[in-house]
4 protein chains.
Amino acid sequence: MIAVLKRGTTAEQTDHLIRWLKTMNLDVHVSSGQEVTVLGLVGDTSRVDMELLTSLEIVDSVKRVSEPFKQANRKFHPNDSIIEAGNVKIGGGFFAMIAGPCSVESSEQIIGIANEVKEGGADVLRGGAFKPRTSPYAFQGLKEQGLKLLLEAKKVSGLPIITEIMNVRSLALFEEVDIIQVGARNMQNFDLLQELGKTKKPILLKRGLANTLQELLMSAEYIMSEGNENIILCERGIRTYETYTRNTLDLSAVPVLHELTHLPVVVDPSHATGRAQLVPSMALAAAACGADGIMVEVHNNPSCALCDGAQSITPAQFTQLAHAVKRVREAIQ
Amino acid sequence: MIAVLKRGTTAEQTDHLIRWLKTMNLDVHVSSGQEVTVLGLVGDTSRVDMELLTSLEIVDSVKRVSEPFKQANRKFHPNDSIIEAGNVKIGGGFFAMIAGPCSVESSEQIIGIANEVKEGGADVLRGGAFKPRTSPYAFQGLKEQGLKLLLEAKKVSGLPIITEIMNVRSLALFEEVDIIQVGARNMQNFDLLQELGKTKKPILLKRGLANTLQELLMSAEYIMSEGNENIILCERGIRTYETYTRNTLDLSAVPVLHELTHLPVVVDPSHATGRAQLVPSMALAAAACGADGIMVEVHNNPSCALCDGAQSITPAQFTQLAHAVKRVREAIQ
Amino acid sequence: MIAVLKRGTTAEQTDHLIRWLKTMNLDVHVSSGQEVTVLGLVGDTSRVDMELLTSLEIVDSVKRVSEPFKQANRKFHPNDSIIEAGNVKIGGGFFAMIAGPCSVESSEQIIGIANEVKEGGADVLRGGAFKPRTSPYAFQGLKEQGLKLLLEAKKVSGLPIITEIMNVRSLALFEEVDIIQVGARNMQNFDLLQELGKTKKPILLKRGLANTLQELLMSAEYIMSEGNENIILCERGIRTYETYTRNTLDLSAVPVLHELTHLPVVVDPSHATGRAQLVPSMALAAAACGADGIMVEVHNNPSCALCDGAQSITPAQFTQLAHAVKRVREAIQ
Amino acid sequence: MIAVLKRGTTAEQTDHLIRWLKTMNLDVHVSSGQEVTVLGLVGDTSRVDMELLTSLEIVDSVKRVSEPFKQANRKFHPNDSIIEAGNVKIGGGFFAMIAGPCSVESSEQIIGIANEVKEGGADVLRGGAFKPRTSPYAFQGLKEQGLKLLLEAKKVSGLPIITEIMNVRSLALFEEVDIIQVGARNMQNFDLLQELGKTKKPILLKRGLANTLQELLMSAEYIMSEGNENIILCERGIRTYETYTRNTLDLSAVPVLHELTHLPVVVDPSHATGRAQLVPSMALAAAACGADGIMVEVHNNPSCALCDGAQSITPAQFTQLAHAVKRVREAIQ
């Protein structure tokens with residue numbers, strides 16, 4: 001870590017600062033240039049409060065030289081991590097198509113979709129049982145009952161399943177779930193992350209609505225620092241001023257994360273765009289820039305003429321998409 | 001709620017949609033204009049999934065006519081709510097100066113500051129015991145021990161206290177805390193909000209890093225819908241592309257929230273700006289636009305020459321600020 | 001256009017509003033529902049000031065039913081526009097690789113690159129002569145001299161050229177330029193747009209730093225409304241809070257623009273990311289989601305060992321990329 | 001300027017870089033620490049392309065030690081600049097109330113408002129003649145005719161006037177205008193800035209929709225570097241994801257700009273919020289945090305019952321606001 005001091009900082013002030021830094025068990029190397037004084041901090045700088053240090057009056061700026069994430073860092077783990085969920089592998093060349101409905105609604109619905117997406121090329125079944133909703137009055141999912149239906153669909157279809165957890169207290173219910181999803185709103189629910197770190201379950205960690213990629217990696221680090229290294233990162237769009245799409249899908253996150261970390265990266269174009277007609281093109285773009293998987297919403301309600309055009313695509317569209325994704329992946333080999 | 005259908009929507013499609021809306025116990029009034037067809041939905045529309053409805057192919061746009069928040073809504077509760085914490089009132093003309101250190105560090109420190117800010121004009125003592133940190137390796141506060149020290153300072157100074165809760169499981173520790181703070185990162189931790197709704201404690205709810213004012217009010221509604229109406233809203237800056245300040249303080253939130261809700265609104269200029277030298281001017285601006293209170297970080301370490309210029313102001317600066325805030329409040333009467 | 005009136009609006013207020021709207025030669029259809037009153041405005045609503053109408057006290061919201069852009073609108077021009085620049089076509093299935101250096105530096109440099117990128121698969125040569133710079137003290141390009149060198153490279157290589165215009169007064173210098181680029185900072189320099197509309201030159205219009213897709217289309221409309229329909233839209237990243245990349249490339253702009261307009265859409269991954277190592281993956285993603293072309297920076301300075309890793313890729317990398325782009329385009333047919 | 005090199009950079013690479021930097025007439029001081037190598041660049045670094053330097057593969061980060069703006073910099077000009085426009089002074093303790101209609105509509109309208117706002121406490125009359133509009137089909141102002149009416153109102157009322165310029169070619173028409181306004185969309189129209197720098201007119205420079213404060217100061221520098229030091233900066237709201245207000249007014253810009261520059265800072269709450277009912281509170285907040293002036297829209301159409309509630313306030317509200325602003329300014333002395 002490097003701290004650049006402001007011009008005009010006195011020797012006494014510099015001494016004060018160095019003494020304080022040394023109380024944190026850091027070695028401090030001073031380079032006094034003509035323009036400025038630069039302090040090089042050596043030791044375990046991950047404990048240093050950068051915001052506090054930056055806000056000191058004599059400090060111009062603070063810069064980490066080593067990234068603050070360790071276990072998630074590719075530098076210390078050059079090979080891609082491969083996460084196993086049931087019989088499925090994700091990362092390191094293994095690509096997963098994750099598909100299913102927004103919410104689990106009934107046994108018939110979820111088993112129907114499970115079979116259709118499996119046939120169409122899905123590797124993992126998704127489905128919401130606990131649904132985080134902005135309004136306390138909105139439908140919050142079938143909860144435990146939804147989880148049971150999802151497990152039934154797992155059994156029937158043979159597909160591993162992924163579903164979202166919303167709080168620590170329901171963790172026991174997720175024993176047979178293959179991948180536990182942490183939603184965007186909980187990306188910095190540190191307490192939840194730490195508890196998930198004590199399990200061995202694969203965790204799919206979604207990027208928060210307005211979080212940087214470094215913050216996403218620090219949240220992965222929260223889980224890993226407790227002992228669980230089975231993490232899949234997920235880009236699902238960030239909040240910007242553009243209103244045509246629900247969020248702005250930041251696909252550069254894929255190559256950037258591949259550079260910074262060994263963890264696999266999955267893209268969710270359904271929530272990112274909020275419009276079914278945009279899902280296929282953004283899924284193909286995700287495959288083209290190297291994503292390790294794609295998670296899409298699929299509905300199969302034949303009577304729901306209305307549903308076409310919502311953020312979910314049909315099983316037939318999914319099948320077509322799965323083929324196109326495969327061709328794009330071959331094209332970039 | 002109003003749904004505007006796209007031009008070219010067939011009568012059959014419209015019928016389908018109306019039938020589906022009626023299954024949600026809504027009355028549907030159709031106005032077919034030359035340009036478009038508009039559906040007026042009457043009934044309990046707070047349960048309608050606006051995102052899903054908007055994403056239907058035949059729907060151009062959906063607009064709520066009644067706000068989705070009810071108990072927080074000024075329309076149904078025209079008078080300002082006054083929240084009582086210990087002997088202090090906030091809202092409805094009662095203004096609170098909330099002051100104290102970022103973190104509780106020692107008995108001497110917190111009692112020292114408590115006495116100084118009380119003398120300087122503070123109504124409530126703040127101090128962090130559980131600290132949400134981006135990094136799992138950073139100092140996370142003194143936790144239970146910090147809470148104990150804060151309660152000691154409360155006893156000695158007579159000031160009511162406010163401190164942050166990070167998870168449901170530590171709720172029992174907060175029994176003697178006067179105001180429980182929910183931090184920006186937990187603004188949409190719905191599980192935590194619901195548990196706090198089951199208490200009668202005053203809750204200070206901070207706006208999330210990238211949340212709209214409507215989302216803030218929906219989170220207040222989560223607490224209120226469980227029975228706890230003692231809520232103080234807090235504007236603490238939002239994330240933008242500007243890098244000079246840590247966040248961008250959105251002071252228009254104060255008059256907007258006063259228009260939409262009866263709940264009091266407090267402003268935190270310390271976290272919003274991240275720089276001590278900006279705190280006084282932004283605190284005065286907050287008072288001038290009608291805030292019901294100001295929450296500022298104050299440090300009192302006489303030996304920490306470095307701390308001047310960090311995001312905390314000194315007790316002497318606080319005393320001066322408290323006087324100036326009083327004068328500004330008189331000027332706007 | 002639809003205006004939704006607030007509940008509680010009196011008949012007199014509604015009458016006032018309707019009379020005012022009629023002075024703008026609009027027909028007004030009133031639908032009074034149980035919940036609200038909705039006014040349907042028929043006629044040339046493109047002249048209505050939506051912001052003013054929205055800000056009236058009795059108006060809840062205003063919604064355009066027809067998009068405010070006409071000539072750029074796919075509804076009125078269902079077939080893809082194909083823009084011709086020299087012997088190159090862009091749009092409607094024709095894909096263009098646009099490549100070249102950030103700035104034109106010397107005859108040797110620009111001719112060297114021109115030949116190399118042509119060999120590597122480029123269709124158009126790019127190169128900056130007039131450079132918009134945040135600082136008045138920074139290098140602003142070789143200007144007229146740069147243009148001359150670029151025209152020389154055009155002659156030698158046979159490639160059509162594209163370069164940026166910064167003000168109306170230099171328009172005469174661009175006579176032999178094949179495509180005139182309007183930079184992000186000038187996207188809403190309406191005076192410049194109108195002047196370009198009076199020419200017949202192909203214009204590549206870059207999306208502004210924080211502009212919506214609708215604003216981009218309205219700027220295209222400025223050019224088209226003066227008679228020039230030869231417009232290529234360009235997504236080049238928008239400003240967000242993420243700092244790892246220079247901007248956030250919004251690739252969903254590609255399918256969204258293809259839905260809304262018949263104009264071709266090109267993607268510039270070099271400026272969007274600011275990092276050479278991210279350019280190939282984002283270029284492939286752009287091709288996968290249907291872009292009509294890619295514009296990348298290529299440098300060829302063999303002595304500049306440093307330049308590797310900057311936002312420009314080398315001619316060898318470009319050649320490889322051009323092949324991969326071709327394979328991806330075949331994969332999505 | 002400081003450049004931090006990445007770990008693992010070879011001596012040869014470092015030498016290459018240093019040689020290149022020296023070709024730009026910079027002295028380079030090397031400090032090789034245990035962690036990293038830091039280069040201190042001494043000389044005229046304002047010409048160094050930070051983005052290019054940052055994007056080099058061996059460079060970790062680049063940091064300016066001296067701000068890139070010089071003439072606007074408070075360090076080199078510690079005293080507040082006082083800008084004179086007619087008989088009015090702005091800055092250095094002089095505060096200006098700038099008021100008037102959005103657009104000049106008729107002789108009667110503009111003279112009527114001029115007299116009313118003068119009586120109510122205005123120092124400067126504002127009014128739009130050339131209006132930048134997102135749509136080419138929208139009303140673009142009365143243009144030359146509007147300017148003439150404004151000059152008439154200046155003569156009758158004795159108030160100096162401010163109005164917006166949109167392009168270089170209409171500069172001759174602005175001879176008798178007291179303050180020329182550069183709108184948000186033109187903040188980086190560098191050609192226009194340079195031309196205005198060749199005049200001696202006071203320029204009110206509005207912050208762009210998504211521009212940082214440093215970019216605003218660099219645009220002021222464009223004008224100053226041509227010889228015109230009569231610049232007033234204006235905060236008018238930035239674009240964020242919040243939709244309740246038109247833009248998000250960033251009031252921390254006021255104390256930050258006062259720290260960085262000697263130029264006066266004016267706040268425009270009308271355009272920032274887009275709602276009349278928010279204008280008074282945000283104007284008071286601006287005064288409380290030290291703004292040197294406030295620019296508000298005032299309408300006086302007695303027959304336009306509708307206009308109440310739009311972004312303009314009435315003359316009576318303006319008079320009241322002017323008094324309250326005065327009281328707040330006294331409170332913060």
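Just so we're on the same page: letters track the sequence lines, and every chain starts at 1. Keep in mind the model is a prediction, meaning the values are calculated, not measured.
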Exercise. Heavy-atom count around C:Lys198 NZ within 6.0 Å, excluding the residue itself: above 12?
Worked result: yes
Exercise. In terms of heavy-atom contacts, does CG of D:Asn25 have more than 12 from other residues, nucleotides or ligands at under 6.0 Å?
Worked result: no
For this session: Would you mind checking if D:Glu195 and C:Arg169 are paired as a salt bridge, meaning a charged N to carboxylate O distance below 4.0 Å?
Result: yes
For this session: Give a yes or no on whether a salt bridge exists between C:Glu215 and D:Arg239, defined as a side-chain N under 4.0 angstrom from a carboxylate O.
Result: yes
For [X], is it the side chain, the backbone, both, or neither that has a heavy atom closer than 4.5 Å to a heavy atom of chain C?
X	value
D:Pro68	backbone
D:Val168	side chain
D:Thr212	both
D:Arg246	side chain
D:Gln140	side chain

For this session: Look at the side chain of C:Arg185 and the backbone N and O of D:Asn189, then say whether any donor-acceptor pair between them is shorter than 3.5 Å.
Result: no
For this session: Pick one of side chain, backbone, both or neither for C:Tyr222, based on which atoms fall under 4.5 Å of a heavy atom in chain D.
Result: both
Exercise. When you measure from the centre of the six-membered ring of C:Tyr137, is the NZ or CZ of D:Lys70 under 6.0 Å away and within 45° of the axis?
Worked result: yes
Can you tell me how far apart [atom1] ([X]) and [atom2] ([Y]) are? Round to the nearest 0.5 Å.
X	Y	atom1	atom2	answer
D:Asp191	C:Phe130	CG	CZ	10.0 Å
D:Asn167	C:Leu192	CG	CG	10.0 Å
C:Asn186	D:Gln188	CG	CD	9.5 Å

Exercise. How about C:Met218 and D:Thr134: do any of their side-chain heavy atoms sit closer than 4.5 Å?
Worked result: yes
Exercise. Just wondering, do C:Phe190 and D:Arg133 contact through their side chains at under 4.5 Å, heavy atoms?
Worked result: no
